[in-house]
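Worksheet: the structure to be examined is printed underneath.
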Amino acid sequence: MVARQSQLFIPTLREAPADAEAVSHKLLVRGGYIRQVSAGVWTFLPLGWRVHQNVVQIIREEMDAIGGQEMLMPVLTPAELWETTGRDYPEIFRLEDRAGRRFILPMTHEETVTFHAREIQSYRQLPQILYHFSIKERDEPRPRGGLLRMREFIMKDAYTFDRNEDEFARSFELHRQAYHRMLERLGLEFYEVEAESGMMGGQQSQDFLCPAGSGENTLVTCEHGDYAADLEIARGVPRTPSFPATEEVPKEVATPGVTTIESLAELLGIDAAATSKAMPVVKTDGTLVLGLVRGDDRLAESKMLGVLKSDYRPATDEEIRSAFGASGGSLGPVGVSVHVVADDALREGQFVAGANRDGWHLLGVEAGRDYAPRFADIREAREGDRCPVCSGELRFQTAIEVGHIFNFGSRYSEPLGATFLDEDGTEKPLIGGSYGIGPARVMAAVVEQSHDGNGIVWPKSIAPYDVHVLALHGGSAEVLMRAEQLAAALEEGGLDVLYDERDERPGEKFADADLIGCPTRIIVGKKTLDDGAVDVRTRDGAIDERVSSSEVVKWVLQH
RNA sequence: CGGGGUGUAGCUCAGUCUGGUAGAGCGCUGCGUUUGGGACGCAGAGGUCGCGGGUUCAGAUCCCGCCGCCCCGACCA
């Protein structure tokens, strides 16, 4: 049935809501796609739900194509299930039923799916690919940017179960390829990057990032296209510092009142890159570790997390004082008893370092000679770095993480006792993987990448309607009749048609059509009625031409 | 959780400093004119000024407390 715009709930807005910042947030609200109910909680209005469903369908088709089996797991989940695996995150919503039984609203379904996977008995039943589209609840400390970070959202999460890591690698590869296919069909520019594995220490963990005007990730790519990574783990090659004269042994220099790299470099008249910066941190087990990076670099927290294999926090002033005998601005690696993790950039050359004595620094401090660190890549890549593969220039872009796939091994199957009997007769835990993608974030990413000053430019694959027919009737019954006939004929041809027969002025209809952003627009008005034609134009502006009424359906189907 | 901002009509906002009848534009309803890029005229509807307490003859406005929302940071399987 043709969708008659006068009867639909498409509340378009002339102005963007005052609290919107991201383009996708503004345009989706203005276009009548979504509305906010509370912080991070959104309703998909009819138009928005159509797009969401289109995204879902593409994901579903690609999942089914690799043998995925769709199912549905519940939101309401007994708390014990999560207690068994020891996942205890602050962003989990908790609740009780009337009898005091405790439940959680899960943020993901590893526990539940593994609970079911206990019914897998034999290697003969492997591998398995199970997935569902379900609502996730996360008590996010700070939701933001419309659909970019929500507290309640729908995610497609898939789970694989395999006999061993080799078999798992095949399941993982299937998903990688499926993700590439779905994102291509969704019309997104995306990069698959190695993801931060953090505390969970997944062996394989890939993120799918879409460059966008807004987003929470920073995508680092090489100008030559041979390197892409999330900033959190990106490796960049920093410039070579210009070093001052070398010293036979570290030489003390008075630096009264100097506690920042800027003032240190200025006082000594040297390159900030020829200094080092000490960051004392304390691991969960209470051990103090000194992180050391070049003066012009920043410590990359997730890299440090990977190196220490433990959560950590900055040391307090008291801890610093008792371990180094000096305060924060004067710390260095020479003569200290704590473990030193030095960034790879400090391997070669002599650097200025704190002397562990307030108001003093050391010139000519050389790793290996003056202190024995453990070297690691712990610096955050930054503008001006060169590509680690080809030395090309690195680019930094804001990006949206739309998907994440990773290996969770036996992280859940062991505690939940999901084992199977292998060919050799031994009982083994299932090897699992998780594969998530958020249709709402996909929508936001598409809008971020595909819009103009007037509104959204939907790709054909997920547009709410294929064709937007505008009847510029101005009271003319004949124009209305012709437009209706055309809309019906297009539907007949298998297209989804949004038919604007509202009693509005042309300018308003054009503006709304631009905002809503259907790929093809057909304008029926008095102007073209006489020569039995209509005006057809594509939302991306590529085509704008007059087509004879009898040819329109064919035209649209062919373009 | 720290920092900043904000809350007045459906939307965007003025009014708050300096207390005294609650406003504008857009939108909405009716009638008329108009009709290929957000028209015009006339007549109308619509607000416990986020919530609670206090000061005052009088509070949108001053004071105290709370809440919502936005941005930056922390956090983010």
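Naming convention: chains lettered A, B, ... in sequence-line order (proteins, then strands); numbering from 1 in each chain. Because the structure is predicted, anything quoted here is derived from the model rather than measured.
- Taking the ring-ring contact (aromatic ring centres under 6.0 Å, His included) definition, one finds that F44(A) meets it with H52(A), sequence neighbours left out.
- In the region residues 27-39 of chain A, proximity to RNA chain B at under 4.0 angstrom, judged on heavy atoms, holds for R30(A), Q36(A), S38(A), A39(A).
- Salt bridge annotation for E110(A)-R87(A): present, with a cationic side-chain nitrogen under 4.0 angstrom from a carboxylate oxygen.
- Qualifying salt bridge (charged side-chain N to carboxylate O under 4.0 Å, His left out) partners for E401(A), counting only residues two or more places apart in sequence or in other chains: none.
- Remark: the separation of the C1' atoms in G15(B) and G19(B) is 13 Å, to the nearest Å.
- Scored by the salt bridge (charged side-chain N to carboxylate O under 4.0 Å, His left out) test, E262(A) finds no partners at all (sequence neighbours excluded).
- Using P as the reference atom, G10(B) and C67(B) are 25 Å apart when rounded to the nearest Å.
- With respect to R94(A) and D139(A), no salt bridge is recorded, no charged nitrogen being found less than 4.0 Å from a carboxylate O.
- Looking at the side chain of E216(A), the nearest of the listed nucleotides C72(B), C76(B), G38(B) is C76(B).
- Annotation: proximity of residues 523-534 of chain A to RNA chain B (heavy atom, distance under 4.0 Å) is found for I523(A), G525(A), K527(A), T528(A), numbered in ascending order.
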Report task. List the protein contact pattern of nucleotides 8-16 of chain B with one symbol per nucleotide (5' to 3'): B for base contact, S for sugar-phosphate-only contact, - for none; contact means a heavy-atom distance under 4.0 Å. Result -> ----SS---
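- Side-chain N/O atoms of R149(A) and base N/O atoms of C76(B) include a donor-acceptor pair closer than 3.5 Å.
- Shown here are the salt bridge (charged side-chain N to carboxylate O under 4.0 Å, His left out) partners of K277(A), two or more places apart in sequence or in another chain: there are none.
- Qualifying side-chain contact (heavy atoms from CB on, under 4.5 Å) partners for A471(A), counting only residues two or more places apart in sequence or in other chains: H473(A), L480(A), A483(A), Y499(A).
- Considering only residues two or more places apart in sequence or on other chains, H559(A) meets the ring-ring contact (aromatic ring centres under 6.0 Å, His included) condition with W555(A).
- Contacts of Y179(A) classified as ring-ring contact (aromatic ring centres under 6.0 Å, His included), with partners at least two apart in sequence or in another chain: F208(A).
- Relative to the side chain of R14(A), the nucleotides C26(B), G36(B), A77(B) differ in distance, and C26(B) lies closest.
- Residues satisfying the side-chain contact (heavy atoms from CB on, under 4.5 Å) criterion with R546(A), sequence neighbours excluded, are T528(A), D531(A), A533(A), D535(A).
- A donor N or O paired with an acceptor N or O is found under 3.5 Å between the base of G37(B) and the side-chain atoms of R537(A).
- M107(A) pairs by the side-chain contact (heavy atoms from CB on, under 4.5 Å) definition with W82(A), Y89(A), E91(A), I92(A), R138(A), not counting sequence neighbours.
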